[in-house]
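Before any comments, here is the structure.
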Amino acid sequence: PDILGLGADLRALGHASYVCELVERMMPEHEPQPEAFAVVDDAVAAIARSGPSTIRLRALELKLLLFAGYLPDLADPALDLGDDVRRAAVALVDAELGALPAVADETLRAVSRIFAAHLKRQGGPRLKSVQFMSSLG
């Protein structure tokens, strides 16, 4: 029933759509991924319950990279991450979605580049949910 509330908040609907679109883009079809889908289910329920959250999206992106086998070695100096970004990324991968650490907005933007680099390498069209959220302003 909580998910029905997403229709009342377009930003929350955009975040939930983004989560679903990431699964479609990243997870192989017809392969069970119970751990990944449990995290996705928790994320959509949390969005419906408490609204959109940028930190939740960043954590989910990193977790999906981990589940799909694409998470880079965050300790690798070739990633060119600052120490604060590296620590934040590791903390977001390790934390439960309901107990995410506080992370500064600037650090979250830097963390988002890890996932953006993966999407760029993967190719494909721009995510429709990102276009939707951009149109919201």
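As the structure is a prediction and not an experimental result, all values here were calculated from the model.
- Every residue meeting the side-chain contact (heavy atoms from CB on, under 4.5 Å) condition with Arg11, not counting sequence neighbours, appears here in chain and number order: Asp9, His15, Pro52, Leu136.
- Shown here for Ile114 and Pro72, the closest heavy-atom pair between the two residues is CG2-CG, 4.0 Å.
- Taking both residues in full, the closest heavy atoms of Ala89 and Leu62 are given as O-CD1, 3.6 Å, listed atom of the first, atom of the second, then distance.
- Applying the ring-ring contact (aromatic ring centres under 6.0 Å, His included) test to every pair with at least one member in residues 72-113, sequence neighbours left out, gives no pairs at all.
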Residue pair Tyr18, Leu60: steps toward the side chain to side chain contact (heavy atoms under 4.5 Å, CB included) verdict: CA-CA 10 Å; Tyr18 179 72; Leu60 183 72; over 6 Å; no
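- By the side-chain contact (heavy atoms from CB on, under 4.5 Å) test, Ala110 pairs with Val85, Arg113, sequence neighbours left out.
- Under the ring-ring contact (aromatic ring centres under 6.0 Å, His included) criterion, no residue pair touches residues 72-103, with sequence neighbours excluded.
- Identified under the salt bridge (charged side-chain N to carboxylate O under 4.0 Å, His left out) test for residues 55-71, with sequence neighbours left out: Arg58-Glu61.
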Which atom pairs, donor and acceptor, lie under 3.5 Å between side-chain atoms of residues 93-104 and protein residues at least two apart or in another chain?
none

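- Distance OG1/Thr107 to CG/Leu81: 11.0 Å, rounded to 0.5 Å.
- Atom-to-atom distance recorded for Met27:CE and Leu22:CG is 9.0 Å, nearest 0.5 angstrom.
- Residues in residues 115-128 take part in these side-chain hydrogen bond (donor to acceptor under 3.5 Å, both in side chains) pairs, two or more places apart or across chains: Arg126-Ser134.
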From CA spacing to verdict: side chain to side chain contact (heavy atoms under 4.5 Å, CB included), Thr54, Asp105: CA-CA 9 Å; Thr54 303; Asp105 288 344; over 6 Å; no
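- For the atom pair OG of Ser112 and CG of Leu119, the computed distance is 10.5 Å after rounding to the nearest 0.5 Å.
- Residue pairs meeting the salt bridge (charged side-chain N to carboxylate O under 4.0 Å, His left out) criterion with at least one partner in residues 66-88, sequence neighbours excluded, do not occur; the list is empty.
- Partners of Gln131 under the side chain to side chain donor-acceptor pair (under 3.5 Å) rule, at least two apart in sequence or in another chain, do not exist in this structure.
- With sequence neighbours left out, the side-chain contact (heavy atoms from CB on, under 4.5 Å) criterion links Ser17 to Leu13, Ser129.
- Here Ser53 pairs with nothing under the side chain to side chain donor-acceptor pair (under 3.5 Å) rule; sequence neighbours left out.
- The two residues Ala59 and Leu92 have their closest heavy-atom pair at CB-O, 3.9 Å.
- Other residues, nucleotides and ligands place more than 12 heavy atoms under 6.0 Å from the CZ atom of Phe37.
- Here the straight-line distance linking atom CG of Leu71 with atom CZ of Phe115 works out to 11.0 Å at 0.5 Å rounding.
- Contacts of Phe132 classified as ring pair (Phe, Tyr, Trp, His ring centres under 6.0 Å), with partners at least two apart in sequence or in another chain: none.
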